[in-house]
Amino acid sequence: MSTKTGFTDEERAAMQQRAEELRSTKGLKGAARLAKELEACGAAVEALEGVDGEVATMLHRIVGEVAPDLNPKTFYGFPAYANDEGKVVVFYQPASKFKTRYGTVSFDEHASLDDGVMWGVSFAVIEVNADVEARVRDLVAKAVARS
């Protein structure tokens, strides 16, 4: 349902979650901040069910294996993984969050996926299988590769 602002209730809730994320780590630095963000990311993954939970768990595992330098955190309530500067590289937007047909594994501008003048940065996932895992693994590896 849209409100007078043009945002749906779900979008407004996501914005409120983002504000809370920022408040919850305000004043924290270094290891304390990373620990708080890791805890929040783990909770976000665990809260998801069905395919959303499977995809988020898969992404969390793959990032840990392929890109351990990325730091888990949340981003508008989504499980996300950021570089050393705190910039999100990859995140999972669950279908249940906005009641959409599919969740997406998405890469932000800090991902090194550049390929010519046009490239994909968001990938719909409706099932976790060996092919999906291999593709996500390749994308995460490419996203953190330094040119």
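Scope of the values below: all heavy atoms of this structure, side chains included, with no hydrogens, waters or symmetry mates.
Evaluation of the ring pair (Phe, Tyr, Trp, His ring centres under 6.0 Å) test over residues 38-58, restricted to residues two or more places apart or in two chains, returns none. Applying the salt bridge (charged side-chain N to carboxylate O under 4.0 Å, His left out) test to pairs two or more places apart or on separate chains, those with a residue in residues 134-144 are Glu65-Arg137. Listed by first and then second residue, the salt bridge (charged side-chain N to carboxylate O under 4.0 Å, His left out) pairs that reach into residues 48-61 are Arg61-Glu133, sequence neighbours excluded. For residues 79-99, the set of pairs meeting the ring pair (Phe, Tyr, Trp, His ring centres under 6.0 Å) definition, not counting sequence neighbours, comprises His60-Tyr81, Phe75-Phe91, Phe78-Phe91. Sequence neighbours left out, the pairs with a member in residues 98-125 that pass salt bridge (charged side-chain N to carboxylate O under 4.0 Å, His left out) are Glu10-Lys99.
Scanning both residues, Gly77 and Ala44, for their nearest heavy atoms gives O-CB, 3.8 Å. For the residue pair Val140 and Ala67, the shortest heavy atom distance occurs at CG1-CB, 3.9 Å.
Checking side-chain atoms of Thr74 against main-chain N and O of Ala40 turns up no donor-acceptor pair under 3.5 Å.
Under the 4.5 Å side-chain heavy-atom criterion for ILVMFWY residues, no single connected hydrophobic cluster contains both Leu139 and Tyr102. By the rule that hydrophobic residues join a cluster once side-chain heavy atoms approach within less than 4.5 Å of another member, Leu48 and Val88 end up as members of separate clusters. Under the 4.5 Å side-chain heavy-atom criterion for ILVMFWY residues, no single connected hydrophobic cluster contains both Phe107 and Tyr76.
A heavy-atom distance below 4.5 Å is found between the side chains of Val90 and Val63. Taking the side chain as every heavy atom from C-beta outward, Val144 and Leu70 approach each other to under 4.5 Å.
Residues meeting the side chain to side chain contact (heavy atoms under 4.5 Å, CB included) test with Ala82, sequence neighbours left out: Lys73. Take Asn71 and apply the side chain to side chain contact (heavy atoms under 4.5 Å, CB included) test, not counting sequence neighbours, and it matches Leu34, Asp84.
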Show me the donor-acceptor pairs, under 3.5 Å and distance only, between side chains in residues 119-130 and residues at least two apart or in other chains.
{"residue": "Ser122", "atom": "OG", "partner": "Ser106", "partner atom": "OG", "Å": "2.9"}
{"residue": "Asn129", "atom": "OD1", "partner": "Asp131", "partner atom": "N", "Å": "3.0"}
{"residue": "Asn129", "atom": "OD1", "partner": "Val132", "partner atom": "N", "Å": "2.8"}

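For the side-chain contact (heavy atoms from CB on, under 4.5 Å) test with Val45, the passing option among Leu59, Val55, Thr57 is Thr57; the others fail.
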